[in-house]
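A short worksheet on the structure shown next.
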Amino acid sequence: MTSPSDLDDDRGCLRVVLAVPLILLTLVAAYFCWTALTITPSGTWDDDAYAGIVLSCAVTIAAAVVAAAMWLVPSVPRAISWWWTLPALLLAVVAGVRWAVGG
């Protein structure tokens, strides 16, 4: 039989292991969201800047979707609560708005 303290220790270790890719994906999303927000086209003719905005927004949304999909794996919600995915999802919303407005 396992004691409850052993079970809590396992959840703590699982939380750390699962938090690493979730945090890395959130950092990737944050970087590309920042990039999408800071790119300013020189004019309506600046297709490269618009392509950079679209690419940055797409990478932000993709990283956020992967982070959210990671939480849908059945063992993850037992170790990590849903609010861990909230920053990545908020970054995806910001990137989606930027894509719609300026991409």
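On a predicted model such as this, the values are computed, not experimentally measured, just so you know.
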In this structure, would [X] and [Y] fall into the same cluster of hydrophobic residues linked by side-chain contacts under 4.5 Å?
| X | Y | result |
| --- | --- | --- |
| V65 | W99 | yes |
| W83 | L22 | yes |
| I61 | V54 | yes |

Listed pairs under 3.5 Å, donor-acceptor, residues 86-93 side chains, sequence neighbours left out:
none

Gap separating the [atom1] atom of [X] from the [atom2] atom of [Y], nearest 0.5 angstrom:
| X | Y | atom1 | atom2 | result |
| --- | --- | --- | --- | --- |
| W34 | T60 | CH2 | OG1 | 12.0 Å |
| D46 | Y50 | CG | OH | 7.5 Å |
| W71 | W84 | CH2 | CH2 | 13.5 Å |
| L72 | W82 | CG | CH2 | 14.0 Å |
| C57 | I39 | SG | CD1 | 8.5 Å |
| R98 | L37 | CZ | CG | 6.5 Å |

**F32 vs L55 side-chain heavy atoms within contact, under 4.5 Å** = no
**Item:** Donor-acceptor pair, side chain of S56 and main chain of I53, under 3.5 angstrom
**Value:**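 No, S56 side chain to I53 backbone: no donor-acceptor pair under 3.5 Å.
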